[in-house]
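In each ligand, atom 1 is the first atom listed, and ligand 1 is the first ligand listed.
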Amino acid sequence: MKSILFVCLGNICRSPMAEGILRHKAEMQGLKLKIDSVGTESFHVGENPDKRATATAKEYGIDISKLVARQINRDDFDTFDLILVADAQVYNEVIHLARNETDKKKVNFIMNLVHSDFNTAVPDPYYGGMDGFEKVFQMLDKACDALIEKLEKK
Ligand code: 4NP
């Protein structure tokens, strides 16, 4: 079974939204995937997603309210085939944790699923308003569609 890990800073906004969206799409397609999300930082470990992220996902019929934030660790490189990061800061942190070239090759930007090699950031919505969460949802929705399409072709 293919396994995918989404990574952002806090694991309370962007990556749990990505986890919920991909899980929803995989279920709809009958595609068996192992999906999880983590943060590079520990500030929010043990917390459920930000209420604004939960509310945004809920508008699209996706329940992320019970996800619990955790911090990335080196074992994640063994557990997951693909490690998808939200932005350049997260990318650098994850690459820094990688033990070897095999680990590094698993890491890519989420939005490179839509425009390969652009390294476009999913912007951090934490300090903004609800519109930022909606924008993030739409970006992640596109990326997850592209990922499902790619996985179905294999
Ligand atoms: P996330 O958003 O990385 O998308 O979960 C953030 C959540 C919390 C903080 C920063 C970004 N923070 O600084 O506490």
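Within the 3.5 Å criterion, the main-chain N or O of V114 finds no donor-acceptor partner in the side chain of K142.
Partners of R99 according to the side-chain hydrogen bond (donor to acceptor under 3.5 Å, both in side chains) rule, which considers only residues two or more places apart in sequence or in another chain, are D78, D103.
Geometrically, R52 engages Y126 in a cation-pi contact, judged by NZ or CZ lying under 6.0 Å from the ring centre and within 45° of the ring axis.
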Next on the checklist: Between E149 and K153, does the salt bridge (charged side-chain N to carboxylate O under 4.0 Å, His left out) criterion hold? Intermediate values first, please.
Outcome noted: CA-CA 6 Å; E149 197 176 319; K153 276 188 192 149; 3.7 Å; yes
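Here D76 pairs with R70 in a salt bridge; the nearest charged N to carboxylate O distance falls below 4.0 Å.
Contacts of ligand 1 (protein heavy-atom distance under 4.0 Å) are C8, L9, G10, N11, I12, C13, R14, F43, H44, D124, Y126, Y127.
The one candidate from Q138, K51, M130, K135 that meets the side chain to side chain contact (heavy atoms under 4.5 Å, CB included) condition with T56 is M130.
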